[in-house]
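Notes follow once the structure below has been shown.
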Amino acid sequence: MSDPFELNDDKPIAPASNEPAPHLPPRAGSARDSNEGDLPPSWLENLNPEQREAVIATEGPVLVLSGAGTGKTRVLTTRLVYILAQHLAKPWQILAVTFTNRAAREMRDRVTKLVGPAAEAVWLGTFHALGVRMLRRHGEIVGLRSNFTILDADDQVRLLKQLMEADNLDSKKWPAQALMGVIQRWKDRGLTPDKVGREPGVDFAGGHALSLYRSYQERLKSLNAADFGDLLLHCLTIFQMQPDVLAQYQAQFRYVLVDEYQDTNVAQYLWLRLLTQTHRNLCCVGDDDQSIYSWRGAEVGNILRFEKDFKDAKVIRLERNYRSTPTILAAASHLIAHNADRLGKTLRTGHDGDVDPGPPVKVRGVWDGQEEARWVVEEIESLQRGGHKLPEIAILVRAGFQMLEFEERFITTGVPYRVVGGPRFYERLEIRDAVAYLRLIHQPADDLAFERIANKPKRGLGDTTIQKVHQLARGRDISLVEASLRIVETDELRPQARTALKALSAGIERWRSLKDTLPPSELAAQVLEDAGYTAMWQHDKSPEAPGRLDNLREFVSGLEEWESLAGFLDHVSLVMENDAQAGQDSVTLMTLHAAKGLEFDSIFLPGWEEDIFPSRRSLEENGQKALEEERRLAYVGVTRARKRVHVSFAANRRVYNQWQSSIPSRFIDELPKQMIEYQADAGLYGGQGGTWGGLSESASARSGTGYRRPLRMVEAEEWEIKPRAASERGFKIGDRVFHQKFGYGLVEEIDGSKLAIAFDKAGRRRVLDSFIEPS
DNA sequence: TATTTTGGTCTTTTT
DNA sequence: GACCAAAATA
C-alpha cells in the first residue's frame with residue numbers, strides 16, 4: 001500500500017482496512033424508503049431529484065459537481081440535517097468544512113434552525129479553525145503549547161525579514177514578502193522543510209530559501225507560534241507521528257462534508273483523505289468553473305484526484321440553476337465556454353416552461369474611471385427609485401484599489417454603502433497594537449508582540465536598546481520578556497533605557513497576574529490605560545487620532561462578549577471579517593473573490609479592461625492558465641446576479657499616478673451579443689455602433705437557451721457628447737497651458753469645462769479649466 | 001540616540 | 001498616493 005501521507009497520483013489509496021465500516025448506521029439502506037412517513041419531512045421534498053440524491057446518498061464517497069446557483073449550500077445543509085435526523089451519527093461525529101467563516105456561520109445558523117442546539121456539537125468550521133481546534137489539543141507533538149499564537153501575514157513578513165537580515169540578504173533583491181509566498185506555497189502542498197526537494201522556489205534568495213524555511217519554522221517553535229499554513233501542516237505531521245491520534249479522529253468522524261471543494265489545496269486534501277480513511281463517508285461539493293484560488297495553492301486537480309482515490313465515488317451533477325434569468329445564464333455559459341480546461345457541465349435554468357428571459361446585460365463604455373463611478377451610482381439610484389432595495393445591489397471589482405472611486409462617489413451622492421473585506425477592523429494599527437499587548441500577556445514568548453509594543457507609547461526604548469535585549473535573548477535562548485527582566489538587573493543599558501524597560505517588564509508581569517481575575521474587556525481597558533497607550537492617542541494632535549480612540553473603545557467593548565482571552569485571540573486571528581457594518585440599507589462593494597457564494601438581484605462589474613481584468617500581473621505570471629482563472633472569476637461575477645448585470649469599462653484610467661488609456665476586456669467580446677445592450681461614448685471603442693454590427697446568429701445558437709432576444713443597440717447619436725472645439729473659457733485643442741500642481745502641458749481634448757491635458761511631467765489628466773492658465 | 005524628513009519602490013485576489 | 005528604508009536633524 002502506498003503512503004497515505006504522500007500525494008502520489010499514480011497509486012490510489014486503498015481504504016485502511018478491507019472490512020466494512022465497523023458501525024452500521026441504524027437506518028441505512030432500505031430503511032430509508034420505508035420511512036417516508038416521519039422522515040423525510042417537507043424540507044426533503046423541496047429538492048429536485050439530483051439534489052435529493054446528493055442528500056440521501058450518505059454512505060460512501062460522493063462528489064457533487066454543482067454549478068453556480070444550483071443550490072449546493074442547501075444540499076450540504078440538508079444533508080447534514082438528514083444525517084442527524086436519521087440518527088446516522090451524533091453531532092460530534094460529523095465534520096463539516098467550509099472555506100470562509102461566513103459560510104461556516106451561515107451553515108451553523110441554518111442547521112440550528114432545523115435541529116436546535118444539537119448543531120452546536122457538530123465539528124463545523126473553516127479548515128483553519130478546525131485545524132486550530134486539533135492543534136490546541138495535540139500541539140505538543142509538534143512542539144506547541146496549547147496557548148500558541150497564530151501569526152498574521154504581517155508578523156510572518158517581519159519575522160522572515162529578521163531572518164533574512166541575519167543572513168545578510170539584500171532586502172531589495174529578495175523581498176521578505178516574496179519568500180513568504182514561496183514558503184506558503186510549500187505549506188499549501190503539505191511540504192515540511194524535510195520534504196522540500198526540487199520544488200519551485202528553492203532557488204529563491206540565492207538558494208537560501210529552504211534553509212530560511214527551516215530556520216523560520218525553528219523560530220516559530222521558539223515563539224510558540226504558528227502561521228496559517230501550519231494550522232494544517234502541523235495536523236498532518238501529528239497524524240503521521242501519532243497514529244493513535246489519527247485513528248481516534250478517523251473513528252470519530254463518520255460523516256465528512258466539504259464545501260467549495262474546487263478551492264482546496266493539497267494539504268487540505270491530504271487532511272481530508274486521512275481523516276476519512278475509516279468510514280469513507282466523504283461528500284465534497286464543488287464547481288471547477290468557480291475555482292479562483294489557484295494562486296493560494298488551490299488545485300482543481302483535487303476533483304480528479306477524488307475520483308481516483310475513491311474509485312467507488314458516486315458523482316452527482318447539479319445543473320439546474322434557480323438563481324439567474326435565462327439571459328444571465330446564457331451570458332455566463334457563453335463566457336465560460338471559452339475555457340478549454342473544464343470538466344464540462346451545462347447550466348440550464350431550473351424553471352420550466354415560459355420564463356421571462358429578463359433584461360439584457362448592460363455593457364457601458366465611458367471616458368474614465370470617475371465617469372464610470374458616476375454612471376454606476378446613477379444606475380443604482382435609478383434602480384432605487386424603481387423600488388429596488390440597496391442590499392440587493394453589489395459592485396464587484398477585480399482588485400481592492402478599484403474601490404476608491406466608488407467610495408468617493410457614494411460619499412458625494414450620499415448613497416449608503418458598505419465595503420466587504422476592505423480595511424479590516426483588526427488590521428488597523430491601533431487595534432493591532434492593542435492586540436499585541438493582549439497577546440504578550442497571554443503568551444509571554446510572543447517576541448513579535450513585544451517588539452511591536454516596546455516603544456508604543458514612546459518610552460525611549462529605541463532600536464539600540466531592543467538590539468541589546470535581542471542579543472541576550474538569543475544567547476540564552478529565552479524570550480524577549482525574560483531577557484528584559486534579566487538585563488535590567490545588569491548595567492548593560494544606560495540608566496534611562498534601563499528604567500524604562502524595567503517599568504515595562506514590571507508592567508507585563510503585573511498585567512499577567514490580573515489575567516485570570518479580570519474579565520478580558522476590563523483587563524484590556526486597564527492595560528491600555530496603564531501602559532499609557534490610550535494617553536498616547538489622546539495627546540496626539542493628528543486628525544486621525546480621535547477615530548483611533550473610537551476604535552479602541554469599540555475594541556474594548558467588543559471584548560465584553562468574550563469570557564476568555566484565548567478565545568478572543570483565536571477569533572481575532574481566524575475570523576478576519578468585519579461584520580460590524582453588515583446588514584443595514586446599503587449597497588455592497590467588494591472584490592470578486594469575496595463575492596463567491598453570494599447572490600444579489602443586481603450586479604455591477606466595472607473595470608472590464610485589459611490589464612485590469614484580466615489582470616496583467618496574473619497573466620504575466622501564469623499565462624494561459626491564469627487567463628482561464630480570470631475568466632472563471634468573470635463567470636463567478638456574472639453568476640452572482642439574479643436579475644441584472646451591468647458591465648462597464650473606461651477608456652482612460654489612472655494607474656499609480658499616470659493616466660493610461662485602456663482597451664475593453666476581451667471578456668466583453670466573449671459575451672453573447674444577443675444578450676447585451678451596448679452603449680459607449682462617442683469616440684470610444686464601439687461607440688459608433690459599427691464594431692458590434694453584423695451580428696451572427698451563431699452565438700445565440702450556441703448559447704443553447706432556446707430563445708432569442710433582439711439586440712437593442714442604442715444609437716450613439718442619441719446621447720453622444722459632442723466634442724467641442726473650444727472650452728467655455730476659450731481653451732483650444734493644442735493650446736499650451738499651465739496648472740498649479742501638474743505644471744505645463746498640452747490640451748488634447750475638451751468637454752465643456754473639462755480638459756484632457758497631456759502634462760509634461762504628470763502624464764495625461766482630466767482637469768477643470770478653472771484650474772488652468774494659458775501658458 | 002530618537003525622531004523627523006526624504007527618496008525610492010510599488011498593489012491582485014485571502015484563510 | 002502610500003509605504004518602507006536610509007539619511008538628516010535635534
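By convention in this document, chain letters (A, B, ...) are assigned in the order of the sequence lines, proteins followed by strands, and residues within each chain are numbered from 1.
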Between B/dT14 (C1') and A/Phe99 (CZ): distance, integer Å: 10 Å
Any residue of residues 153-161 of chain A with a heavy atom less than 4.0 Å from an atom of DNA chain B: none
Integer-rounded Å distance: B/dT13 C1' and A/Arg185 CZ: 13 Å
Whole-Å distance separating the CD1 atom of A/Ile612 from the C1' atom of B/dT13: 14 Å
Any residue meeting side-chain hydrogen bond (donor to acceptor under 3.5 Å, both in side chains) with A/Glu451, in chain and number order, not counting sequence neighbours: A/Gln162, A/His470
Under 4.0 angstrom between A/Thr591 side-chain N/O and B/dT14 OP1 or OP2: yes
Nucleotide B/dT13, atom P - distance to CE of A/Met403 in whole Å: 8 Å
Qualifying residues under side-chain hydrogen bond (donor to acceptor under 3.5 Å, both in side chains), relative to A/Asp259, sequence neighbours excluded: A/Lys72
Length of the line joining A/Arg632:CZ and B/dT13:P, which is rounded to integer Å: 18 Å
Cation-aromatic face contact A/Lys187/A/Tyr213, 6.0 Å, 45 degrees: no
Partners meeting salt bridge (charged side-chain N to carboxylate O under 4.0 Å, His left out) with A/Arg632 (sequence neighbours left out): A/Glu629
Nearest-Å distance for atom pair CG/P, residues A/Leu429 and C/dC4: 10 Å
Check: A/Trp608 ring centre within less than 6.0 Å of A/Phe649 ring centre: no
Residues which pass salt bridge (charged side-chain N to carboxylate O under 4.0 Å, His left out) with A/Arg617, listed by chain and number, not counting sequence neighbours: A/Glu621
Pairing stems for DNA chain B [at least three consecutive pairs; Watson-Crick or G-U; under 3.5 angstrom]: B:1-9 with C:2-10
A/Arg653 with A/Glu372: basic N within carboxylate O range, under 4.0 Å: yes
Touch class at under 4.0 angstrom, heavy-atom based, for A/Gly229 against every strand present: nothing
Between C/dC4 and B/dT13 - C1' atom distance, rounded Å: 23 Å
Aromatic stack A/Phe401/B/dT11: centroid gap under 5.5 Å, interplanar angle under 30°: no
A/Arg296 and A/Asp263 ion-paired at < 4.0 Å: no
Check: A/Trp295 ring centre within less than 6.0 Å of A/Tyr293 ring centre: yes
Between B/dT14 (C1') and A/Leu396 (CG): distance, integer Å: 16 Å
Rounded distance in Å - CG (A/Leu501) to P (B/dT1): 16 Å
Touch class at under 4.0 angstrom, heavy-atom based, for A/Phe127 against every strand present: nothing
Proximal nucleotide (of B/dT13, B/dT15, B/dT11) relative to the A/Arg617 side chain: B/dT11
